[in-house]
Amino acid sequence: QVHVVESGGGLVQPGGSLRLSCAASGFFMQYYAIGWFRQAPGQEREGVSCSSTNGGSTYYSDSVKGRFTMSRDNDKNTVYLQMNSLEAEDTAVYYCAANLMRTSCSSSVNQWEYDYWGQGTQVTVSS
């Protein structure tokens, strides 16, 4: 069975950093497009970042560009989201998702392209 599981969320002060992890089972992430998304209370889920395979393009939403970095560790079958210079507006539940139909992701980081989702991990940025 295909599963993705996020971890690494928590409470952090503004300006701080967190690294989220997304571990997969049932498939090899290195062969598929992977995305990170977030949903703040009362808001729609939005795309944060996505990564294509084999050194392909990685895209970021304008709101996180320059602060967040997405990376892959194929040996661990895990994808990471390094989040720096966190702001209160980054508070949300963060989700990892896999697109098992494609190797590349689109710059729009469209959630409807992704098939398998984790349960999410809460990130709270507050002093």
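Just so you know, these numbers come straight off a predicted model, no measurement behind them.
For the side-chain hydrogen bond (donor to acceptor under 3.5 Å, both in side chains) condition, the pairs that include at least one residue of residues 34-43, sequence neighbours left out, are Arg38-Glu46, Arg38-Ser63, Arg38-Asp90, Arg38-Tyr94. Identified under the disulfide bond (SG atoms under 2.5 Å apart) test for residues 97-127, with sequence neighbours left out: Cys50-Cys105. Residue pairs satisfying the salt bridge (charged side-chain N to carboxylate O under 4.0 Å, His left out) criterion with at least one member in residues 22-36, sequence neighbours excluded, are absent. Applying the ring-ring contact (aromatic ring centres under 6.0 Å, His included) definition to pairs two or more places apart or across chains, none involves residues 41-63.
Under the side-chain hydrogen bond (donor to acceptor under 3.5 Å, both in side chains) criterion, Ser51 pairs with Arg72, not counting sequence neighbours. Glu87 pairs by the side-chain hydrogen bond (donor to acceptor under 3.5 Å, both in side chains) definition with nothing, not counting sequence neighbours. For Glu89, there are no salt bridge (Lys or Arg N to Asp or Glu O under 4.0 Å) partners at least two apart in sequence or on another chain. Listed by chain and residue number, Phe37 satisfy the ring pair (Phe, Tyr, Trp, His ring centres under 6.0 Å) test with Tyr114 (two or more places apart in sequence, or in another chain). By the salt bridge (Lys or Arg N to Asp or Glu O under 4.0 Å) test, Asp62 pairs with Lys65, sequence neighbours left out. Listed by chain and residue number, Glu113 satisfy the salt bridge (Lys or Arg N to Asp or Glu O under 4.0 Å) test with Arg102 (two or more places apart in sequence, or in another chain).
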Run the side-chain donor-acceptor check on residues 10-27: report pairs under 3.5 Å with partners two or more places apart or on a different chain.
residue, atom, partner, partner atom, Å
Ser17, OG, Asn84, OD1, 2.9

Inset, instruction - Under the side-chain contact (heavy atoms from CB on, under 4.5 Å) rule, what do Val109 and Ser49 come out as? Steps first, then yes or no, please. - result: CA-CA 6 Å; Val109 196; Ser49 178; 5.8 Å; no
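In plain terms, the two heavy atoms of Tyr32 and Thr53 that are nearest each other are N-CG2, 3.0 Å. For the residue pair Arg67 and Leu86, the shortest heavy atom distance occurs at NH1-CA, 3.9 Å.
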